[in-house]
Amino acid sequence: MPTRTLRIPTTDGQADAFAAYPDHGEQHPGVLLYADAFGVRPVLKEMARELAGHGYYVLVPNLYYRHGPAPVIELPAHIGKEIRPAVIAQLMPLIEAHTTERVLRDAGAYIGFLTTQPAVGAGPVAAIGYCMGGGLAMRTAAAHPDQVAAVAGFHPSPLVTDAPDSPHRLFLKLTAEVHLGLAEGDMTSETISELNQALDAAGVDHTSEIYPGTVHGFTMSDTDALNPSALQRHWDRLLALLDRTLGNS
């Protein structure tokens, strides 16, 4: 499985990124994969390779590139419950600095880069994300409706907030099909209802479901949150979504 470390030109510098793609020299649908709060690390690279094995060109940008190349902070091989708060505390200033304005500037750079790679076909792409990356994928799809045909968010950060730029206020701009895989406790039943009502009102083709027996972060094998059956369910849902929307059968 070919992989590369790339540098994506942005208005604020150059973002380092990991790319994985099939090993035969054809063009493939592109997938922009946004990491969770812990950023680009071995588990994310392995997930990108897994997805590439199904016929996709997968680009995983370092969201924190303004603060240095990935990993921006030293991460343990396993992010256990006892050290998670300290790791999050280190990352929080970087997360807070990643404003919506920066997200949108970066999204344009990432989509532009992905769609012009020689190994990426001319059709639409997907934006997928984990934890905070779910919201970033949603913003990317809303900002680039002509190019993004699929959005998936797994154990996403809040999508319904009181903020004027809350992700759920962007649904009218979406043309993509959406899948949201929620952990138990990610959102209240009232919030899930509001989320689905907003998607319905915007006419978005979507599925949102709670993956049973899960906690936030259930896809990440380097954390205590991992739920193997939910991880497999995530792959089943994601691959079906990509096959429907990007036409890669």
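Being a predicted model, the structure only gives us computed values, none of them experimental.
Atom OG of residue S157 and atom CE of residue M187 lie 8.0 Å apart, to the nearest 0.5 angstrom. For the atom pair NE2 (H216) and CG (L182), the distance works out to 11.0 Å, reported to the nearest 0.5 Å. For the atom pair CG (L32) and CD1 (I128), the distance works out to 8.5 Å, reported to the nearest 0.5 Å. Note that the CG atom of L44 and the CG atom of N62 stand 10.5 Å from one another [nearest 0.5 Å]. Atom CG in L6 sits 10.5 Å away from atom CG in L114 (nearest 0.5 Å). Between atom CZ of residue F18 and atom OG1 of residue T5 there is a gap of 7.0 Å, rounded to the nearest 0.5 Å.
Not counting sequence neighbours, the partners of D222 by the salt bridge (charged side-chain N to carboxylate O under 4.0 Å, His left out) test are R41. Qualifying side chain to side chain contact (heavy atoms under 4.5 Å, CB included) partners for A15, counting only residues two or more places apart in sequence or in other chains: I8, T10, Y65, Y110. Residues forming a ring pair (Phe, Tyr, Trp, His ring centres under 6.0 Å) with Y57 (at least two apart in sequence, or on another chain): Y21. Applying the side chain to side chain donor-acceptor pair (under 3.5 Å) test to T175 and every residue at least two apart in sequence or in another chain returns nothing. With sequence neighbours excluded, no residue forms a side chain to side chain contact (heavy atoms under 4.5 Å, CB included) with Q27. R102 pairs by the salt bridge (charged side-chain N to carboxylate O under 4.0 Å, His left out) definition with nothing, not counting sequence neighbours.
Although no hydrogens or angles enter the test, the distance criterion places a donor-acceptor pair under 3.5 Å between the side chain of N227 and the main chain of G213.
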For this session: Apply side chain to side chain contact (heavy atoms under 4.5 Å, CB included) to the pair R105 and D12, showing each step before the final yes or no.
Result: CA-CA 9 Å; R105 289 204 302 271; D12 295 334; 2.7 Å; yes
Problem set entry | Verdict with reasoning, F218 to T223, per side chain to side chain contact (heavy atoms under 4.5 Å, CB included) | CA-CA 8 Å; F218 60 79; T223 75; over 6 Å; no
Exercise. Can you list the steps and then say if H168 with M138 is a side chain to side chain contact (heavy atoms under 4.5 Å, CB included)?
Worked result: CA-CA 9 Å; H168 80 287; M138 194 72 74; over 6 Å; no
Problem set entry | Evaluation steps, side chain to side chain contact (heavy atoms under 4.5 Å, CB included), between M220 and D36 | CA-CA 9 Å; M220 296 298 155; D36 59 359; 3.5 Å; yes
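Here the shortest heavy-atom pairing between P22 and A52 reads CG-O, 3.4 Å. When all heavy atoms are compared, the tightest approach of A152 to L241 is CB-CD2, 3.9 Å. The two residues A141 and V151 have their closest heavy-atom pair at CB-CG2, 3.1 Å. Across every non-hydrogen atom of A176 and A150, the tightest pair is CB-N, 3.6 Å. Contact record, A149 with L246: CB-CD2, 4.2 Å, taken as the closest heavy-atom pair. Minimum heavy-atom separation, G55 to P29: O-CD, 3.5 Å.
Every pair passing ring pair (Phe, Tyr, Trp, His ring centres under 6.0 Å) that includes a residue from residues 172-200 is listed here, sequence neighbours excluded: F154-H179. Here salt bridge (charged side-chain N to carboxylate O under 4.0 Å, His left out) pairs that include residues 1-10, with residues two or more places apart or in two chains, number zero. Within the structure, side-chain hydrogen bond (donor to acceptor under 3.5 Å, both in side chains) contacts touching residues 75-96 (residues at least two apart or in different chains) are H78-D224. The salt bridge (charged side-chain N to carboxylate O under 4.0 Å, His left out) analysis of residues 161-190, with sequence neighbours excluded, yields the pairs E177-R244. Within the structure, side-chain hydrogen bond (donor to acceptor under 3.5 Å, both in side chains) contacts touching residues 130-149 (residues at least two apart or in different chains) are Y34-T140, Y130-H234. For residues 111-120, there are no side-chain hydrogen bond (donor to acceptor under 3.5 Å, both in side chains) pairs, not counting sequence neighbours.
No side-chain heavy atom of D243 sits less than 4.5 Å from a side-chain heavy atom of H54. For the pair D23/M1, no side-chain contact is recorded, criterion being any heavy-atom separation below 4.5 Å from C-beta on. With a 4.5 Å cut-off on side-chain heavy atoms, V103 and H98 count as touching. Residues P61 and D106 have side chains not in contact (no heavy-atom distance under 4.5 Å, counting atoms from C-beta outward). At a threshold of 4.5 Å between non-hydrogen side-chain atoms, the residues L180 and H206 do not count as touching. For the pair T214 and H155, the minimum side-chain heavy-atom distance is 4.5 Å or more. Under the 4.5 Å side-chain criterion, counting only non-hydrogen atoms from C-beta, Y64 is not in contact with I73.
Follow the hydrophobic side-chain contacts under 4.5 Å out from L75 and you never reach L226; the two are in separate clusters. A chain of hydrophobic side-chain contacts below 4.5 Å, direct or via other Ile, Leu, Val, Met, Phe, Trp or Tyr residues, connects L239 to L231. The hydrophobic clustering, which links ILVMFWY residues whose side-chain heavy atoms are closer than 4.5 Å, places V148 and V31 apart. Follow the hydrophobic side-chain contacts under 4.5 Å out from F38 and you reach I95 in the same cluster. Cluster annotation: L195 is connected to M132 through the hydrophobic network of ILVMFWY side chains, with a link wherever side-chain heavy atoms come within less than 4.5 Å.
With no hydrogens or angles considered, a side-chain donor-acceptor pair links S208 and N196 at under 3.5 Å.
Atom CD of E26 sits in a crowded spot, with more than 12 heavy atoms from other residues, nucleotides or ligands closer than 6.0 Å.
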